[in-house]
Amino acid sequence: MAEPEPSGADIGYISVTFERVLDQALNSRRISDALERSAGTLNREQLRTRALRERAAIAAAAAVEYHAYTETRASAAGQTGERDSNGNGNSGGSGLLPVLAVFVPSLSAVAAAVFLVSGLALRAFGGRPYIGAGLITAGFVAAAVAVGGAVADLACLLVAAAHNRSAEDDGVPADEDADVKRAREAWQLALLERGMMPFLLDRLDEADTRDHV
């Protein structure tokens, strides 16, 4: 039975992965040493151009690992869908933290306003001064808690956004399944070791041979 054609998203991810592995190979010590030995017969940009032109043949060297990766990914996606449909996910627990992150600073800010207004009112109208002073102090403490909570929430959001953006730039979900991750890394290693490195080294050897003929 024929293999299904890759989707548009898969083709884009394959292209991004291919270029990342190509950069890794070009920056490796083996290729750097081979470039030095070739004495300028080929440079990195020429190697890059040739590799991009032959990407289909290079990628074919890791076709088995890529197929295993797509199968593992599809299986993991199916299991996730079943857990979601059965209501066995952890969405309740994970949803509580964002609510608390918003609720705590907001409540602290409201408390700060109430304490400060009440304390200043008691002081202005000649009420019990020690009560007014205590309320003002409590207001400042609540305000400090609100500011600290807001700063902490902002820091957490920035870290999470940076993590998710980095993962999305690579085309990899931030919550990738462990088995899927291992299969993806096996595919990328095979692409590097069995596809990219031999191709680049062969092109350098060919250029060096022609130069000495």
Next item on the list: For Ile58 and Gly195, work out which heavy atoms get closest and say how close.
Entry: CG2-C, 3.6 Å

Margin query: Restricting to non-hydrogen atoms, name the atom on Ala51 and the atom on Leu200 that form the minimum distance, rounded to 0.1 Å.
Written below: CB-CD2, 4.2 Å

Going from [atom1] on [X] to [atom2] on [Y], what distance comes out if it is rounded to the nearest 0.5 angstrom?
X: Tyr13; Y: Arg73; atom1: OH; atom2: CZ; answer: 8.0 Å
X: Asp202; Y: Arg50; atom1: CG; atom2: CZ; answer: 12.0 Å
X: Glu71; Y: Tyr66; atom1: CD; atom2: OH; answer: 11.0 Å
X: Gln46; Y: Leu204; atom1: CD; atom2: CG; answer: 10.0 Å
X: Leu192; Y: Phe18; atom1: CG; atom2: CZ; answer: 11.0 Å

With sequence neighbours excluded, residues passing side chain to side chain contact (heavy atoms under 4.5 Å, CB included) with [X]:
X: Glu19; answer: Ser15, Leu52, Arg55
X: Arg29; answer: Asp33
X: Ala183; answer: Tyr69, Thr72
X: Arg30; answer: Ser28, Glu193, Met197, Leu201

Check: Hey, are the side chains of Arg44 and Asn27 touching, using non-hydrogen atoms and a 4.5 Å cut-off?
Finding: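 In contact.
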
Item checked: Side chains of Gln24 and Met196 in contact at under 4.5 Å (non-hydrogen atoms) ->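 They are not in side-chain contact.
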
Next item on the list: With sequence neighbours left out, write down each residue that passes side chain to side chain donor-acceptor pair (under 3.5 Å) with Arg194, or none if nothing qualifies.
Entry: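 Testing Arg194 for side chain to side chain donor-acceptor pair (under 3.5 Å), a comparison that skips the adjacent residues, returns Glu65.
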
Margin query: Looking at Arg203 and Leu47, would you say the former's side chain and the latter's main chain have a donor-acceptor pair under 3.5 Å?
Written below: no

Check: Do side-chain atoms of Thr17 reach the backbone of Ile14 as a donor and acceptor pair under 3.5 angstrom?
Finding: no

Checklist line | Electrostatic pair Glu185:Arg182 at N-O distance under 4.0 angstrom | finding: no

